[in-house]
Amino acid sequence: MKKGLMHYVVFSVLLALMLAAFVYAGDPVDPNEYMTVTVASGDTLWGLARQYEEEHGLTPGEFIRWVVEVNHLSSPRLTAGEQIVIPVLKSKQGGSVAVNQ
């Protein structure tokens with residue numbers, strides 16, 4: 001009897017965690033809330049991550065993953081002239097953290 005109850009509890013907790021993960025992952029980023037930058041010749045995602053690190057509060061790796069995912073980039077390489085959304089909130093520029101993946 002105790003074993004069956006334990007399995008039920010473990011299953012319920014795992015199910016709740018999976019549902020929470022789907023809800024969190026399903027919350028899309030609204031690009032209109034974030035800064036858009038035009039890529040200059042020689043710009044890299046690593047360089048942009050360092051340039052805006054006080055505003056976004058992410059590690060360079062997190063910044064790069066965010067930008068690649070939100071902008072649907074096929075690779076982390078940038079092309080001069082393209083516009084990309086970066087994880088810096090328009091409404092909170094200048095020191096606020098924008099953590100929304």
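In what follows, residues are counted from 1 in the order of the sequence shown.
- By the side chain to side chain donor-acceptor pair (under 3.5 Å) test, Ser75 is found to be paired with no residue, residues two or more places apart in sequence or in another chain being considered.
- Scored by the side chain to side chain contact (heavy atoms under 4.5 Å, CB included) test, Pro31 finds Val85 as partners (sequence neighbours excluded).
- The backbone N or O of Asp30 sits nowhere less than 3.5 Å from a side-chain atom of Glu33 that would complete a donor-acceptor pair.
- Proximity of a side-chain donor or acceptor of Thr79 to a complementary backbone N or O of Glu82 within less than 3.5 Å is not detected.
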So Tyr34 and Lys90, side-chain contact (heavy atoms from CB on, under 4.5 Å) or not? Walk me through it. CA-CA 5 Å; Tyr34 295 92; Lys90 288 179 182 176; 5.7 Å; no
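- Between Ala40 and Ala80, the closest heavy-atom pair is C-CB, 4.1 Å.
- The two atoms that bring Pro87 and Leu58 nearest to each other are CG-CD1, 3.7 Å, heavy atoms only.
- Residues satisfying the side chain to side chain contact (heavy atoms under 4.5 Å, CB included) criterion with Gln51, sequence neighbours excluded, are Leu48.
- A heavy-atom distance below 4.5 Å is found between the side chains of Leu45 and Val68.
- Using a distance-only test at 3.5 Å, with no hydrogens or angles considered, no donor-acceptor pair links the side chain of Glu69 to the main chain of Trp66.
- Listed for the His56 side chain is no donor-acceptor partner under 3.5 Å among the backbone atoms of Phe63.
- One finds the CZ atom of Arg50 at 10.5 Å from the OG1 atom of Thr44 (value rounded to the nearest 0.5 Å).
- Within the model, atoms CD1 of Ile64 and CD1 of Ile86 stand 12.5 Å from one another, a figure rounded to the nearest 0.5 Å.
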Begin with the C-alpha distance, continue with both residues' side-chain angles, and end with the deciding distance and a verdict on side-chain hydrogen bond (donor to acceptor under 3.5 Å, both in side chains) for Gln83 and Thr36. CA-CA 6 Å; Gln83 290 192 332; Thr36 300; 5.9 Å; no
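- Closest heavy-atom contact between Ile84 and Asn71: CA-OD1, 3.4 Å.
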